[in-house]
Amino acid sequence: MPELPEVETVVRGLRTALPGRCIVSVRLGKTDFIDDPVTLGESLPGRRIAAVERIGKFIHLQLAPEASNGSTHSDAPSHLMVHLGMTGRLVVRAADEPAPPHTHVYFQLDDGRELRYTDIRRFGQMLLLRDAKIAELRERLGEDALTISADEFQRRLAGRRARIKALLLDQSVLRGVGNIYADESLWRARLHPARLAAKLKKEDIDRLRQAVQRVLGDAIRLRGSSISDFVDSNGQPGGYQRWHRVYAREDEPCYRCHAIIRRVIVAGRSSHFCPRCQPAPRTPGKPPAKRAARTRRTSSQKRFRRTR
DNA sequence: AGCTCTTCCTGAAAGC
DNA sequence: TGCTTTCAGGAAGAGC
């Protein structure tokens, strides 16, 4: 499932292939994940891709201003935003290479290749935005997890009565972290996912920020985690899943203390942690036994295909 | 404010 | 063996 490191990996790959290329034509399959498929199909042909960047978990393709050849409608959207959702893939392939099933968008490029979007579950999104809307989106998505300062991180978490796990996943607080890297970061910072942010000490929050940035940085270096479907823009899997300390390791020993990794539901999300390294908060109303009862069945967890 | 539940979707695997 | 059920999850929206 693509989170910040996976999206960053894809963006870096696309950057070697796309800037300067012109979109010749667009072919669409299912379009229920595209905000405006008609405009997408009509306004992109002839446009040149100027730049590729990452905004949180979105891939942002910046389109060059339209050539002023008579029929210029200068308000044509210039930003194509792609969210990979759970199973989205964005790859560049030779146009004559067969596309995998569930490929729903084909952008034919002027170098004989195609930029293709494949998404089994179609939880992804494709949006066309005008300049003004980009600023709005950035605002809504909070500070980037990779670059947020210690002060800003404190400011955004301090006093919040939500569980720390919920806040890490909230893209309006911090952009880019998803379930895998939230769990890995909390393990590194030795914080239980159900701790309330308001009850954390300043040094806990500082340690958490360092853990988040360390984990994301390591994952980017290994080109992301491939669990289930992730591949980069060349179709290659990442390598960070081999370094996961808690995610999908339920019932296995903690690498630090050898206690058995557990999984509970926090903030509606499957959360993996070490019960010894990450002690549970004392919550008067909710004794640990009660939360334990909420643990879901475990065996199905093993079904994640680990790449290598 | 923040929690839970639901919805979207598919494929894999558990359960019977 | 084969059909049915369950489950994962990013994000948004409803309802409490």
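What you see below is based on every heavy atom in this structure, not just the backbone, and it leaves out hydrogens, waters and symmetry mates. Chain identifiers are assigned alphabetically (A, B, ...) following the order of the sequence lines, protein sequences preceding nucleic acid strands; residue numbering begins at 1 within each chain.
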Side chain of [X] only, heavy atoms from C-beta on: which candidate in [options] is closest?
{"X": "A/Gln171", "options": "C/dA11, B/dT10, C/dG9", "answer": "C/dA11"}
{"X": "A/His83", "options": "C/dG10, B/dT10, B/dC9", "answer": "C/dG10"}
{"X": "A/Arg160", "options": "B/dG2, B/dT10, C/dG10", "answer": "B/dG2"}
{"X": "A/Ala162", "options": "B/dT10, C/dG10, B/dC3", "answer": "B/dC3"}
{"X": "A/Arg161", "options": "B/dG2, B/dC9, C/dG10", "answer": "B/dG2"}
{"X": "A/Ala166", "options": "C/dA12, C/dG9, B/dC3", "answer": "B/dC3"}
{"X": "A/Arg269", "options": "C/dG9, B/dC9, B/dT10", "answer": "C/dG9"}
{"X": "A/Ser270", "options": "B/dG2, C/dG9, B/dG11", "answer": "C/dG9"}

Let me know the distance between [atom1] of [X] and [atom2] of [N], rounded to the nearest Å.
{"X": "A/Leu84", "N": "C/dA11", "atom1": "CG", "atom2": "P", "answer": "11 Å"}
{"X": "A/Phe58", "N": "C/dA12", "atom1": "CZ", "atom2": "P", "answer": "7 Å"}
{"X": "A/Lys165", "N": "B/dC3", "atom1": "NZ", "atom2": "P", "answer": "13 Å"}
{"X": "A/Arg140", "N": "C/dG10", "atom1": "CZ", "atom2": "P", "answer": "16 Å"}
{"X": "A/Lys199", "N": "B/dA1", "atom1": "NZ", "atom2": "P", "answer": "20 Å"}
{"X": "A/Glu6", "N": "C/dG10", "atom1": "CD", "atom2": "C1'", "answer": "13 Å"}
{"X": "A/Ile265", "N": "C/dG9", "atom1": "CD1", "atom2": "P", "answer": "8 Å"}
{"X": "A/Met86", "N": "B/dA12", "atom1": "CE", "atom2": "C1'", "answer": "13 Å"}

Quiz item: Using 4.0 Å as the upper bound for N to carboxylate O, is an ion pair formed by A/Asp144 and A/Arg54?
Solution: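 Yes, charged N to carboxylate O under 4.0 Å.
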Exercise. Check whether any side-chain heavy atom of A/Phe58 lies under 4.5 Å from a side-chain heavy atom of A/Arg175, and answer yes or no.
Key: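 No, their side chains stay 4.5 Å or more apart.
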Quiz item: Is a side-chain donor-acceptor pair under 3.5 Å present for A/Arg263 with A/Ser270?
Solution: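 Note: A/Ser270 and A/Arg263 side chains meet the donor-acceptor criterion.
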Quiz item: Between the main-chain N or O of A/Pro19 and the side-chain N or O of A/Arg15, is there a donor-acceptor pair closer than 3.5 Å?
Solution: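 Not at all, since once roles are kept as given, no pair shorter than 3.5 Å links the two residues.
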Quiz prompt | Closest approach of A/Ala76 to A/Arg47 (non-hydrogen atoms, all atoms of both residues) | solution =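 Taking A/Ala76 first and A/Arg47 second, the nearest heavy atoms are CB-NH1, 3.8 Å.
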Does a nitrogen or oxygen in the side chain of [X] sit under 4.0 Å from OP1 or OP2 of [N]?
{"X": "A/His102", "N": "B/dG11", "answer": "yes"}
{"X": "A/Tyr247", "N": "C/dG9", "answer": "yes"}
{"X": "A/Arg122", "N": "C/dG9", "answer": "no"}
{"X": "A/Lys30", "N": "B/dT10", "answer": "yes"}

